[in-house]
Amino acid sequence: MLLSKLVGERVKETPSDVKILSHSLLVRAGFIKAVANGIFSLTSPAQLMSLNIEAIIREEMNKIDGQEVKFPVVMPRELWESSGRYSTIGSEMARFKDRGGKDMLLGMTHEEASVHMVKNTVSSYAQLPCMIYQIQTKFRDEPRCRGGLIRVREFTMKDGYSFHMTDDDLSKYYDKCLEAYHNIFRRIGLKRFISVKSDTGMMGGSIAHEFMLLTDVGEDTLVLCDECGYKANMEVATSKRFGVDFGKNSAMEEVFTADAKDIDALTAYLNIEKTNTIKAVAFAVRGEDTLVVAFIRGDLEVNEAKLKKAVMKNIVPFDAENESELTAGNIGCIGLNSKNTLVVFDKSLEGAYNMVTGANKAEYHIKGVDVSRDVKPKEFVDIAKVKLGEACPICGKPLHLENGIEIGNIFQLGTKYTKSMNMTVLNDKGEAVYPTMGCYGIGVGRAIASIAQESNDEKGLILPMSVAPYRVHICALRIDEPLVKEKAFALYNELKSKGISALIDDRENVSNGVKFADADLMGMPIRVVVSPRGLQNGEMEVVKRSTLEKENVSAESVVARIETIIAEEMEKLK
RNA sequence: CGGGGUGUAGCGCAGUUGGUAGCGCGUAUGGUUCGGGACCAUAAGGCCGCGAGUUCGAGUCUCGCCACUCCGACCA
């Protein structure tokens, strides 16, 4: 590719609305251009990178017997009615009517389409297991996009779906997929990525893993133990909590607490520890006239994902202030009007006494509460967030927290979709059974952002050999001189003929500084400087972008040197 | 969904008490330079987000809308 003709402007300044490094670098290098909120165009370098990543994904998916297919982007309402998700999914799914007034939607995931494809086409156990996957555009109307390609509305995703006769078979295949994913992320050049146990959400599935890139700008919090290797998303993480001294047991008593409405104000007003308070957190249930009130020890926080699972309802944070009979700031577990209200108690309250809880009337709390004596909950459920410094649930060593970007996930779905869509297969006894499913996703655009986020220096991107749009960037200094032009293009053509992708900076009247700066910014793994100075000695300069080490190589052996570097770099990414 | 912020040349920004629009980068042309974002000269490029209102006069003041963006959505 001739740089002079490459569409995509490289700029010095970071646009003011850009907050994270990967976004800034991709914009500055001219790889992406925003079209609308959360919707981007990719210029050629980014698209080539995308294709390189997709090629690696295909190889690894095909290795585990994946069959590449293509589902439609636009689907009819009925297909999604059949799984029940047309109504349970909210406004993140884009819906529209076709010219005949029929309800249609844009695909945000393809479980329904995959079952539709396999149903009745696969009818015997002899045809299972099978895995179908596609690489395709998805649209999700995210409430809040951010971070350039990290969280967008339209994106390219590899999504795969496997079908099995038994959970055991699914589990075996799942492990193979776990390994394939590790291969993919390693091969595209990511380094600080891990797989963690994750939330299975409302799907009721059993096991799920997320692949996370560890980075400060990550949106997810991960709970990690260095000692035994425990790794979990905050949404499902558990911990061992240390015993708490509740002080002296006493009888219940109502106390005036004025306008102390939150835990900080309450502990300050009564001069007590947070561990002696019971926090109430209210949630609404989407689509139902029901509230969920969670009670938890005052020093802890409610983990929404765990609570969601505990009550099996789609809860959303709720503002008790204006629209309910709850007394905001004084909600308590004694005498709470529980009409249309589900109450959940966290495990931290098991055995707690000498506690302060809201009195369910303004300006009053109740102290001296002994939970098992005065409240007698039916059960205690773990709905608390893990805190830094708590102990690993496996080995008891201190846990630490890190942020991560989710770059892929795999999921044992079970029979949710095959049952709801009534897909059966005959087993070896001639009985109709529901196959069990797994699903497997990778965001391609997010992988590009992740590479940019992780692999860079103050000058720009450092692209891994396996995914770089061009492996070689030829900087032709003084290309107005015929010898430079001749040698630079000779190199360019030779690389092309050998199938080595190259970009040549053929711009005239552009200063050397600009050429170097652009090469640094765009981050191709190998740079070759062709200049009058070097050619005087019959040499060209070969520079590795990752280290910026320079070496002078005779013009005749440059291609051989490039081939060696490529081979070395690719070996590291095997 | 709640709360901020910002919309002026392709990009980054300035624009005073209201008086007919500016800087840097980039682009074009000519010239001098040229191994780390060169210099000189000249030029092109604007519905000042959109719509009302106040005013002799609005980029500037008022109201409404739209777009983009950041933060929050653990407050009991």
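In what follows, every heavy atom counts, from backbone to side chain, and hydrogens, waters and symmetry copies are set aside. Below, read A as the first sequence line, B as the second, and so on, with proteins coming before strands; counting in each chain starts at 1.
For B:A9 and B:A14, the C1' atoms lie 14 Å apart once the distance is rounded to whole Å. Comparing the P positions of B:G59 and B:G22 gives a spacing of 14 Å, expressed to the nearest Å. With C1' as the reference atom, B:C25 and B:U17 are 33 Å apart, rounded to whole Å. Taking atom C1' in both B:G26 and B:G12, the straight-line distance is 11 Å, to the nearest Å. Going from the C1' atom of B:G53 to that of B:A41 covers 47 Å, rounded to whole Å. If you take atom P in B:U55 and the same atom in B:G49, they sit 23 Å apart, rounded to whole Å. Remark: the separation of the C1' atoms in B:C68 and B:C11 is 16 Å, to the nearest Å. Using atom C1' as the reference point in both B:G57 and B:C61, the two lie 13 Å apart (nearest Å).
Remark: P of B:G36 and CG of A:Leu548 are 15 Å apart, rounded to the nearest angstrom. As a whole-Å value, the separation of A:Glu142 CD from B:C1 P is 15 Å. What separates CZ of A:Arg527 from P of B:G36 is a distance of 12 Å, to the nearest Å. If you take CG of A:Asp141 and P of B:C1, they are 11 Å apart, rounded to a whole angstrom. Atom-to-atom, CZ of A:Phe295 to C1' of B:C75 comes out at 14 Å; the value is rounded to the nearest Å. Here B:C75 presents its C1' atom at 12 Å from NE2 of A:His365, a figure rounded to the nearest Å. At whole-Å resolution of the value, CD in A:Glu539 and C1' in B:G35 are 14 Å apart. Atom CZ of A:Arg28 is separated from atom P of B:G37 by 15 Å (rounded to the nearest Å).
Checked by distance alone, A:Glu9 brings no side-chain donor or acceptor within 3.5 Å of a matching partner on the base of B:G10. Between the side chain of A:Ser531 and the base of B:G35, a donor-acceptor pair under 3.5 Å is found. Within 3.5 Å, a donor on the side chain of A:Asp518 pairs with an acceptor on the base of B:G37, or the reverse.
Between A:Leu495 and A:Ile474, some side-chain heavy-atom pair lies under the 4.5 Å cut-off. Here the side chains of A:Arg140 and A:Ile89 are not in contact, with every heavy-atom distance at 4.5 Å or above. When side chains are defined from C-beta on, A:Glu304 does not count as touching A:Leu307, because their heavy atoms never get closer than 4.5 Å.
When both distances must be under 3.5 Å, the Watson-Crick or G-U wobble mate of B:C39 is B:G31. Pair check for B:A58 finds none; no Watson-Crick or G-U wobble contact set falls under 3.5 Å. Remark: B:U6 base-pairs with B:A67; criterion is Watson-Crick or G-U wobble with both hydrogen-bond distances under 3.5 Å. In this entry B:G72 has B:C1 as its Watson-Crick or G-U wobble partner, both defining distances falling under 3.5 Å. Base pairing analysis places B:G12 opposite B:C23; the two distances defining the Watson-Crick or G-U wobble pair are each below 3.5 Å. Within the shown strands, nothing qualifies as a pairing partner of B:C48 under the Watson-Crick or G-U definition with both distances less than 3.5 Å.
Counting any heavy atom pair closer than 4.0 Å across all strands shown, A:Asp264 reaches no nucleic acid atom. If you check every strand for non-hydrogen atoms under 4.0 Å, A:Gly534 touches a base. Residue A:Lys33 is classed as having no contact, given no heavy-atom separation below 4.0 Å to the nucleic acid. Using a 4.0 Å heavy-atom cutoff across all strands shown, A:Val514 reaches at least one base atom of the nucleic acid. Among the protein residues, A:Asp480 comes within range of the nucleic acid bases, having at least one heavy atom under 4.0 Å from a base atom. Counting any heavy atom pair closer than 4.0 Å across all strands shown, A:Leu266 reaches no nucleic acid atom. At the heavy-atom level, A:Arg151 lies nowhere under 4.0 Å from the strands shown.
Residue order along RNA chain B, read from the 5' end via each residue's closest nucleotide, puts A:Val510 first among A:Leu521 and A:Val510. If you find the closest nucleotide of RNA chain B to A:Phe283 and to A:Pro143, the one lying nearer the 5' end belongs to A:Pro143.
Under 4.0 Å is where a charged nitrogen must lie from a carboxylate oxygen, and between A:Asp262 and A:Lys279 no such pair does. Of the charged side-chain nitrogens involved, none lies within less than 4.0 Å of a carboxylate oxygen, so that A:Lys347 and A:Glu379 do not count as a salt-bridged pair. The pair A:Lys485-A:Glu508 meets the salt-bridge criterion, with a side-chain N (NZ, NE, NH1 or NH2) lying under 4.0 Å from an Asp/Glu carboxylate O.
Out of B:G35, B:G12, B:A76, the shortest distance to the side chain of A:Ile263 is found at B:A76. Listed nucleotides: B:C68, B:A76, B:G35. Nearest to the side chain of A:Arg478: B:G35. Among the nucleotides B:A76, B:G36, B:G24, the one closest to any side-chain atom of A:Ala282 is B:A76. The A:Arg533 side chain lies nearest to B:G35 when the options are B:G36, B:C11, B:G35. When distances run from any side-chain atom of A:Lys12 to the nucleotides B:A38, B:G35, B:C25, the shortest one goes to B:C25. For A:Val529, the side-chain atoms get nearest to B:G35 when compared with the rest of B:G35, B:A76, B:C68. Nearest nucleotide to the side chain of A:Ile331, out of B:A38, B:A76, B:G35: B:A76. Across B:U33, B:A76, B:G36, the shortest atom-to-atom separation from the side chain of A:Lys550 is found for B:G36. Closest to the side chain of A:Val281, from the set B:C34, B:G36, B:A76, is B:A76. Closest approach to the A:Leu477 side chain among B:G37, B:G24, B:G35 is made by B:G35 (side chain taken as heavy atoms from C-beta onward).
When only modelled atom types and interatomic distance are considered, A:Ser4 and A:Asp506 share a side-chain donor-acceptor pair under 3.5 Å. A:Asn233 and A:Glu210 are linked by a side-chain donor-acceptor pair at a separation below 3.5 angstrom, with hydrogens and angles left out of the test.
The side chain of A:Asn37 contributes an N or O atom lying less than 4.0 Å from OP1 or OP2 of B:U69.
Ring geometry for A:Tyr269 against A:Phe256 counts as perpendicular: the plane angle is over 60°, on a 0 to 90° scale with 30° as the lower cut.
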